[in-house]
Amino acid sequence: MSSCEFKFTPNEYKSDLKPVWCPGCGDFGVLNALYKALADLKCNPQDTVVVSGIGCSSRLPGYVETYGFNSLHGRALPIATGAKLASPNLNVIAVGGDGDGIAIGGNHFMHAARRNVDIAYIMMDNEIYGLTKGQAGPTTPTGDKTKSTMYGNPDAAIDPCALAISFGATWVARAFSGDIKGTVDLMKRAIQHRGFAFLNIISPCVTWRGDDLFKELRGKVKSLPHDHDPGSRRQAQNFTYEEEIVTTGVLYAVQHPTLLDEMGTIKAKASTSSATRSDILKVFAPRF
Amino acid sequence: MSSCEFKFTPNEYKSDLKPVWCPGCGDFGVLNALYKALADLKCNPQDTVVVSGIGCSSRLPGYVETYGFNSLHGRALPIATGAKLASPNLNVIAVGGDGDGIAIGGNHFMHAARRNVDIAYIMMDNEIYGLTKGQAGPTTPTGDKTKSTMYGNPDAAIDPCALAISFGATWVARAFSGDIKGTVDLMKRAIQHRGFAFLNIISPCVTWRGDDLFKELRGKVKSLPHDHDPGSRRQAQNFTYEEEIVTTGVLYAVQHPTLLDEMGTIKAKASTSSATRSDILKVFAPRF
Amino acid sequence: MTQELTLSIVGSGGDGAVAAGDILSMACAREGLNVIKTEAYGPQIRGGESSATVRISTAPIYSQADALDALVVFNWADYARFRNELTPAPDAVVFYEEKDPPPAGLNARFFPIAFANAARDAGAPNGKNVLALGVLSAAFGLPQDALRAALRARFGKKTAAVVEGNIKAFDRGIEIGNEVAGSVKKFAYEKKAPKLVMSGNEASAVAAIDAGCRFFAGYPITPSSEILHFLSEWLPKIGGTCLQTEDELAALGAVVGASFSGVKSMTATSGPGLSLMAEMLGLSSMAEVPSVIVNVQRGGPSTGIPTKSEQSDLMHALFASHGDTPRAVIACSDVEDTYHATVDAFNIAEEFQMPVIVLSEQSIAQRRETISGDNLVHDVIDRQLANPEELKEFRRYRVTENGVSPMSVPGMAGGEYQTNGLEHDEQGRPNSMFVTHETMNAKRYRKLDALASKYRLFHRFGPETADLGIICWGSTAGVVREAVERLNQGDLRVAAFAPRMIMPLPVADLEKFIASCGELLVIELSYSKQFYQYLRTQVDLPKKTRVYARSGGKALGVSEIIEQCVAEVLA
Amino acid sequence: MTQELTLSIVGSGGDGAVAAGDILSMACAREGLNVIKTEAYGPQIRGGESSATVRISTAPIYSQADALDALVVFNWADYARFRNELTPAPDAVVFYEEKDPPPAGLNARFFPIAFANAARDAGAPNGKNVLALGVLSAAFGLPQDALRAALRARFGKKTAAVVEGNIKAFDRGIEIGNEVAGSVKKFAYEKKAPKLVMSGNEASAVAAIDAGCRFFAGYPITPSSEILHFLSEWLPKIGGTCLQTEDELAALGAVVGASFSGVKSMTATSGPGLSLMAEMLGLSSMAEVPSVIVNVQRGGPSTGIPTKSEQSDLMHALFASHGDTPRAVIACSDVEDTYHATVDAFNIAEEFQMPVIVLSEQSIAQRRETISGDNLVHDVIDRQLANPEELKEFRRYRVTENGVSPMSVPGMAGGEYQTNGLEHDEQGRPNSMFVTHETMNAKRYRKLDALASKYRLFHRFGPETADLGIICWGSTAGVVREAVERLNQGDLRVAAFAPRMIMPLPVADLEKFIASCGELLVIELSYSKQFYQYLRTQVDLPKKTRVYARSGGKALGVSEIIEQCVAEVLA
Ligand SMILES: Cc1ncc(C[n+]2csc(CCOP(=O)(O)OP(=O)(O)O)c2C)c(N)n1
Ligand SMILES: Cc1ncc(C[n+]2csc(CCOP(=O)(O)OP(=O)(O)O)c2C)c(N)n1
Ligand code: SF4
Ligand code: SF4
Ligand SMILES: [Mg+2]
Ligand SMILES: [Mg+2]
């Protein structure tokens with residue numbers, strides 16, 4: 001579509017592909033929030049790229065009428081990084097599951113965060129491998145019985161927000177897909193953040209984690225206290241690895257030079273000496 | 001050699017292979033410390049497995065007269081994990097460089113730590129890619145000029161100890177290869193720790209980081225204050241991302257069930273029902 | 001005479017089509033019949049279209065059926081997705097929900113049935129699948145006692161009301177079925193010893209346990225995850241360990257580490273995972289650490305079609321990993337064959353100290369098949385450890401005649417060595433000299449020669465000499481086998497050769513086969529003709545060789561093959 | 001008549017053998033001579049044995065030399081490591097440090113020289129390498145002015161004392177050299193236009209810039225890191241971006257992302273990295289996102305021999321990644337060819353929307369060669385973007401005759417689409433139906449057909465018809481070319497064919513070549529005969545075809561090839 005006709009309503013971001021998600025899946029909330037966030041921010045569809053890995057959650061780009069890349073399991077972040085660095089004008093959003101981002105893709109999460117790449121990374125955390133039918137993932141609570149952990153999950157569960165902070169992400173927040181309004185708000189701030197913004201959205205899998213979890217979560221969700229200082233790493237970590245409650249909001253937000261800032265500095269330094277083609281060839285010439 | 005003749009002196013752990021390291025490389029200190037630590041702990045050569053990745057540092061297993069595995073770049077930890085889980089009686093030590101462990105192998109570091117695998121992991125941190133002749137690695141200070149960062153390293157440097165703590169390692173320490181005595185002591189404690197012990201050894205690369213760094217470091221190294229509580233994550237983090245000093249000692253040490261403990265629990269639960277071959281086949285039989 | 005019947009049940013997620021297929025398969029297995037059961041699903045993660053197809057025979061069968069004798073459709077919209085896969089035979093019987101009239105163009109005999117209402121009235125609101133089983137059993141004479149027993153077993157953990165409701169629905173189905181019973185051909189059989197019902201993935205898992213595997217590491221991936229599931233339950237029961245890793249690089253890494261430490265080890269994956277394992281596969285080969293990788297092929301390239309079958313990981317399995325990297329590759333043609341292939345894989349890995357890839361396919365890995373437990377027997381070869389003589393001045397990579405060197409494992413005094421992905425000398429020490437490299441390459445490849453002469457594994461069907469010879473591999477062999485049997489009932493003499501050992505290929509046997517045939521036809525499910533290409537690297541195929549290769553994503557049919565054979569001969 | 005001279009200098013880390021080789025090469029380049037310079041190192045990370053070998057000729061040369069005309073040895077212990085690689089010709093001149101007498105068994109003319117003392121006395125304590133240059137220049141008549149200028153340029157940043165000390169050492173060397181000058185054959189040449197001195201890796205990097213590459217992501221690995229180094233310096237100067245990633249999976253991932261966003265992109269690696277890229281390569285192919293991967297081959301398998309050359313990543317490059325995964329593979333035979341191959345790779349990637357692998361080899365990637373800057377010119381094809389007509393109801397994966405579909409990039413309104421590693425329809429929407437899959441496989445593979453007819457790239461040497469035809473590829477082509485030239489001076493008529501386009505192979509041209517030759521000999525540096533195997537997948541090689549395949553780790557020599565050719569014909 002050409003942008004002049006574009007009305008920036010959530011509906012216009014809907015593609016004509018029907019989601020394959022199970023009825024009641026938390027990911028619907030994430031998708032609807034994204035439509036609204038993109039509309040509110042008036043993101044041009046042609047300038048927006050949504051990149052995902054593989055998983056139920058990673059099907060999302062297909063449902064959004066922007067440029068999209070449903071890539072490989074665990075590899076959304078390198079692809080998003082390449083797209084953003086090469087084409088800085090684009091609005092690049094990476095999305096995917098907990099398994100995608102913390103199991104197979106964990107290394108890229110670390111390095112994208114520490115480099116402060118200028119993208120928003122939205123994790124749809126259902127504490128399980130949804131698409132492959134219910135095996136434990138890195139956020140599955142210890143002790144839980146799943147398809148691959150018949151006798152209870154032996155591994156310690158990871159809190160993605162805690163991880164993101166320790167990796168050096170400059171903006172870290174938690175949302176709940178059952179709360180569309182709150183999620184829209186956090187998505188918008190994630191997209192607007194300069195640098196690597198990590199938004200973990202609790203997005204229950206009704207099929208492999210049970211229908212009741214969703215309801216249970218509604219009761220647990222609480223907003224951050226008003227006096228929370230998102231500039232404090234220490235305060236932020238206080239809202240990670242929570243047991244009985246799920247705190248939503250911007251846990252952590254600071255400003256550091258982004259990877260694009262750094263690349264800009266490098267280009268500025270580099271271009272102090274000239275670089276025509278003959279300058280390049282001179283490197284190889286006997287200059288005496 | 002048969003163990004009855006074995007004298008448990010550092011010399012006996014020396015293989016007849018001559019290290020390829022540059023004269024003055026910090027890794028010599030690590031190697032000598034390891035000989036001494038193994039001797040002090042009377043580790044049987046036949047029951048000890050030293051696993052490494054690829055890098056200058058990863059050449060180490062070849063110089064130790066135990067079982068050894070010089071594997072692939074970044075993959076020491078999965079191999080060490082497999083060896084330990086399958087053969088719990090072995091004393092498994094993983095070693096390697098900062099690039100090996102935090103760049104290409106970063107994901108395995110995270111998951112080995114969070115699972116609390118019963119191994120000691122010794123990182124030989126020279127803040128550079130030594131073997132490939134001097135490119136920036138994840139611990140190279142921001143701004144440093146290297147072969148791959150002509151205009152200064154754009155990325156934030158990682159403190160491996162901070163990372164290990166955030167990954168859930170249950171024992172985290174820092175050593176300096178110029179201080180063999182201190183290094184021996186920490187190595188012994190790493191090997192003896194139940195669970196995942198991470199020892200970061202500052203081990204300067206004289207070739208790509210300059211000869212002077214080693215001397216400079218000697219001046220910076222300080223021991224942990226006596227009142228440090230290694231049970232406190234928060235206190236431990238105070239000694240990470242240091243600027244002017246390099247604190248050595250056990251930053252963090254706690255006891256959690258190890259992966260072998262968990263596997264033991266699983267086996268105990270599993271064996272409550274019988275499991276002869278015919279029990280297995282019964283799963284597939286029409287039992288009516 | 002052989003009795004055969006193929007039934008399919010199609011519905012939405014909640015309709016229980018798949019459950020009905022399971023129950024029917026189990027009941028037939030108890031009667032000693034031969035069954036192959038397949039399932040298919042739409043793209044919805046849950047609650048979408050699903051179908052179960054059960055082929056039942058009094059004689060051994062090796063493939064899913066081409067055409068259906070009976071079809072139960074709860075909903076024609078669901079059927080639409082499977083139209084190309086589920087084709088009723090011309091005289092087929094179709095039972096459909098009476099509220100939903102069939103679309104035009106289907107050629108069959110139609111019987112409307114009020115499945116939903118009748119089941120509800122019988123007291124099983126979710127029981128239309130069970131009612132359908134009743135209908136089918138009455139119409140075709142399927143074992144009603146066994147079905148009833150299977151139903152009771154299936155619902156055993158539910159309330160008595162549920163069980164009885166379902167039994168009533170089943171009986172009501174019988175009444176309805178009896179009404180059409182007169183007009184259809186009955187399925188008559190003699191009861192035999194009960195059989196097991198197993199999928200290819202389960203066969204791999206059981207075989208691993210039988211072969212002595214005590215360490216499994218894997219990362220979930222469709223269509224191989226059932227191996228992880230099964231072993232995560234059963235390995236701990238027998239003192240083994242099952243680890244779900246963070247990714248496939250770690251999975252094969254852990255396997256290599258465990259095997260290095262002395263324990264037989266395996267991983268299982270599908271294409272994307274096998275791609276990620278390329279480098280570690282090379283380490284297993286170079287360091288000569290035994291490893292077994294079960295790779296269940298699905299539609300490719302890339303993420304491709306995860307739930308459908310194809311034979312397109314062949315070249316990757318054969319040649320992935322940089323450098324000259326010897327490995328063994330073994331194929332599976334059906335569920336029972338999967339069992340033997342997996343045990344063979346362990347035997348080969350341990351004897352020849354190399355990685356062995358078992359190439360399975362979604363179509364056999366996830367289909368359930370009856371097999372006789374008596375056939376699940378296979379000799380096991382254990383790792384041969386260095387003897388005291390060899391441990392003196394131990395050389396782990398000693399250059400030997402067949403390339404196999406003495407091996408030690410941690411715990412053995414005197415066997416200490418360092419293994420290495422770097423080129424190394426006989427002691428495992430890094431060495432970059434040309435002579436060492438050439439010597440060691442030769443040593444590693446000699447193992448393949450030794451292996452080739454010991455494991456000349458292949459299937460051969462049909463007469464000793466033939467007008468037409470088919471060369472195929474993997475699941476395709478089962479379909480070809482049936483096609484060959486049928487074709488040889490006519491004038492055409494057709495034979496087939498399907499190597500079970502793919503790398504190294506039983507070349508002499510293949511050449512003998514080629515010499516015994518007039519025309520040649522290569523059949524495979526890979527668009528780019530991977531098998532054909534590979535064959536050409538190994539043997540000179542006569543110029544006239546024709547290739548029938550197409551994408552996967554749809555099962556190969558017996559009649560499809562027959563058509564190709566006839567075309568070949570007429571051409 | 002052609003004048004040729006091959007010199008080698010051997011020493012320990014501090015001896016400056018490699019620096020001397022550089023200086024000599026640059027001086028010769030200024031004179032317009034043709035030079036190929038290679039280096040070799042021992043296993044020590046620093047300070048171990050090293051050698052520099054410089055082959056100088058008045059005529060174009062295509063390979064390193066077999067035998068040395070002159071050898072400078074500072075230390076015979078260092079020489080021992082290279083004995084098999086650095087063989088003096090029978091009448092060679094050997095200059096050695098007089099304190100260290102030569103070992104027995106070497107057949108040459110020996111001249112002891114007090115390198116260390118004489119250099120120190122001249123005022124350059126570290127100048128024995130420079131002194132050696134003086135000796136060589138005097139003995140063989142090499143350009144002394146140019147050498148002096150090169151020395152000044154080299155030491156220009158040092159103190160005047162250092163510069164002058166070295167010049168004095170050089171002059172002292174000349175005096176010493178003059179003493180032997182009478183007894184050796186002089187090298188006579190005419191000065192020509194200066195040439196550039198470039199390595200294969202540098203040629204790849206420059207070619208990338210020329211081709212329009214503005215994004216590079218890579219992970220260091222020997223022997224390809226120089227590409228990363230060069231581009232990390234130069235890309236930012238021209239507004240491009242260079243990213244060192246955390247691993248190779250991320251490197252190719254970033255390249256695919258950058259290319260998807262509309263920017264020509266490349267990565268460079270060696271075997272282990274290419275193994276790790278297998279899955280992402282498949283995505284680039286399936287999603288039809290252009291990507292260029294330079295893979296510099298080294299000794300394999302696994303970590304293998306990182307610093308030595310081999311041709312054993314071929315099958316992996318051709319077939320890695322599960323599923324039917326079309327890609328293009330292009331070879332380089334020397335430094336200049338590497339330039340053209342790399343630009344071609346970009347052209348092909350952009351035009352046919354697929355991954356293109358440039359297969360280089362350590363032996364050409366890290367050797368320095370003179371080339372004329374005028375030859376570094378190659379047409380560039382830019383990405384063709386969808387036109388307004390195509391953007392109406394845009395179908396990114398439209399099925400077209402040649403398989404190439406209209407492409408949009410982010411920023412283009414109306415071009416929005418989702419790309420996908422899943423099988424997809426023309427719009428890029430996931431689709432698991434067989435018909436779609438077959439249609440799309442066919443579409444993707446048709447691009448290879450179109451590419452094959454457009455890019456029939458190969459080298460052909462020798463007469464139009466020949467008694468013996470050699471088929472080879474990559475760096476081997478250079479050596480074969482020289483062997484062919486030499487052989488045709490005798491009675492034997494020998495021709496050679498070296499495809500530059502490996503996938504798709506110029507089959508018709510190859511078949512024509514085969515038909516034009518009597519005997520056939522395939523030559524390659526892979527123990528498992530990867531090239532031969534691949535050729536067999538594409539053409540029917542006559543039964544009598546012989547293969548000369550050995551491990552890498554040692555350069556292939558012209559005389560080695562001549563020997564094989566003679567053996568072949570006598571056999
Ligand atoms: C390399 C590779 N390994 C494994 C898989 C199989 N796989 C697909 S999605 C998935 C995990 C899904 O979990 P998550 O990322 O949390 O997403 P969710 O489905 O829960 O949204 C796995 C293991 C794959 N596609 N590719
Ligand atoms: C898959 C793969 N990628 C890249 C390399 C090349 N490589 C070898 S060692 C190394 C990094 C060395 O740095 P580090 O791990 O810090 O070890 P150090 O040499 O500094 O001790 C790299 C990139 C490789 N061997 N394998
Ligand atoms: S399986 Fe779970 S995560 Fe996947 S679509 Fe269904 S409810 Fe959502
Ligand atoms: S390059 Fe650096 S790390 Fe490697 S051996 Fe030399 S000094 Fe040590
Ligand atoms: Mg998930
Ligand atoms: Mg390092």
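We name chains A, B, ... by the order of the sequence lines, and we start the count at 1 in each one. Scope of the values below: all heavy atoms of this structure, side chains included, with no hydrogens, waters or symmetry mates.
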Heavy-atom pairs under 4.5 Å with chain D, option from [options] with the top count:
{"options": "C:Gly304, C:Ala278, C:Gly282, C:Ala287", "answer": "C:Gly304"}
{"options": "C:Thr537, C:Asp313, C:Thr303, C:Asp324", "answer": "C:Asp324"}
{"options": "C:Ser285, C:Ser321, C:Ser284, C:Ala320", "answer": "C:Ser321"}
{"options": "C:Ser275, C:Gly553, C:Gly300, C:Ser432", "answer": "C:Ser275"}
{"options": "C:Ala442, C:Pro430, C:Pro43, C:Gly299", "answer": "C:Ala442"}
{"options": "C:Gln297, C:Met315, C:His437", "answer": "C:His437"}

Exercise. About how many Å separate OG1 of D:Thr325 and CG of D:Leu283, when rounded to the nearest 0.5 Å?
Worked result: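 The distance works out to 10.5 Å.
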
Exercise. What's the spacing between C:Ile293 CD1 and C:Ile357 CD1 if we round to 0.5 Å?
Worked result: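 Separation between the atoms: 5.0 Å.
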
Engaged part of [X] at the chain D interface, taking heavy atoms whose separation is under 4.5 Å:
{"X": "C:Leu448", "value": "neither"}
{"X": "C:Glu310", "value": "side chain"}
{"X": "C:Gln538", "value": "both"}
{"X": "C:Gln530", "value": "side chain"}
{"X": "C:Arg81", "value": "both"}

Exercise. Could you walk me through whether C:Leu541 and C:Leu535 pass the side-chain contact (heavy atoms from CB on, under 4.5 Å) check?
Worked result: CA-CA 8 Å; C:Leu541 291 175; C:Leu535 287 176; 4.1 Å; yes

Exercise. Is it true that D:Lys308 and C:Glu423 make a salt bridge, defined as a side-chain N closer than 4.0 Å to a carboxylate O?
Worked result: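 Salt bridge absent between D:Lys308 and C:Glu423.
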
Exercise. Can we say D:Glu288 and D:Lys447 salt-bridge, meaning some charged N sits less than 4.0 Å from an Asp/Glu carboxylate O?
Worked result: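 Result for this pair is yes, salt bridge flagged.
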
For this session: With salt bridge (charged side-chain N to carboxylate O under 4.0 Å, His left out) as the test, would you mind laying out the steps for D:Arg550 and D:Glu560 before giving the verdict?
Result: CA-CA 11 Å; D:Arg550 66 157 170 85; D:Glu560 191 178 356; 2.6 Å; yes

Problem set entry | C:Ser526 side chain to C:Tyr532 side chain, donor-acceptor N/O pair below 3.5 angstrom |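 No - no donor-acceptor pair under 3.5 Å links their side chains.
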
Exercise. Do C:Glu361 and C:Gln311 have side-chain N/O donor and acceptor atoms under 3.5 Å apart?
Worked result: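 There is such a pair between these side chains.
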
Heavy-atom distance under 4.5 Å to chain C: side chain of [X], backbone, both or neither?
{"X": "D:Pro326", "answer": "neither"}
{"X": "D:Leu249", "answer": "side chain"}
{"X": "D:Leu274", "answer": "neither"}
{"X": "D:Met433", "answer": "both"}

For this session: Without swapping roles, check the side chain of C:Tyr219 against the backbone of C:Ala250 for a donor-acceptor pair under 3.5 Å.
Result: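 No, the answer is negative, given that no donor and acceptor are paired below the 3.5 Å cut-off.
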
Exercise. Is a donor on one side and an acceptor on the other found under 3.5 Å between the side chain of D:Glu524 and the backbone of D:Phe531?
Worked result: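 Between the backbone of D:Phe531 and the side chain of D:Glu524 there is a qualifying donor-acceptor contact (under 3.5 Å).
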
For this session: Could you check C:Ser312 against C:Tyr527 for side-chain contact (heavy atoms from CB on, under 4.5 Å), going step by step and ending with a plain yes or no?
Result: CA-CA 8 Å; C:Ser312 59; C:Tyr527 182 82; over 6 Å; no

For this session: Against chain C, work out which of D:Glu438, D:Arg444, D:Lys554 has the most heavy-atom pairs shorter than 4.5 Å and name it.
Result: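 Counting heavy-atom pairs under 4.5 Å, the top option is D:Glu438.
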
Problem set entry | Heavy-atom pairs under 4.5 Å with chain C, option from D:Pro301, D:Gly271, D:Gly273 with the top count |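 Looking at each option in turn, the highest pair count goes to D:Pro301.
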
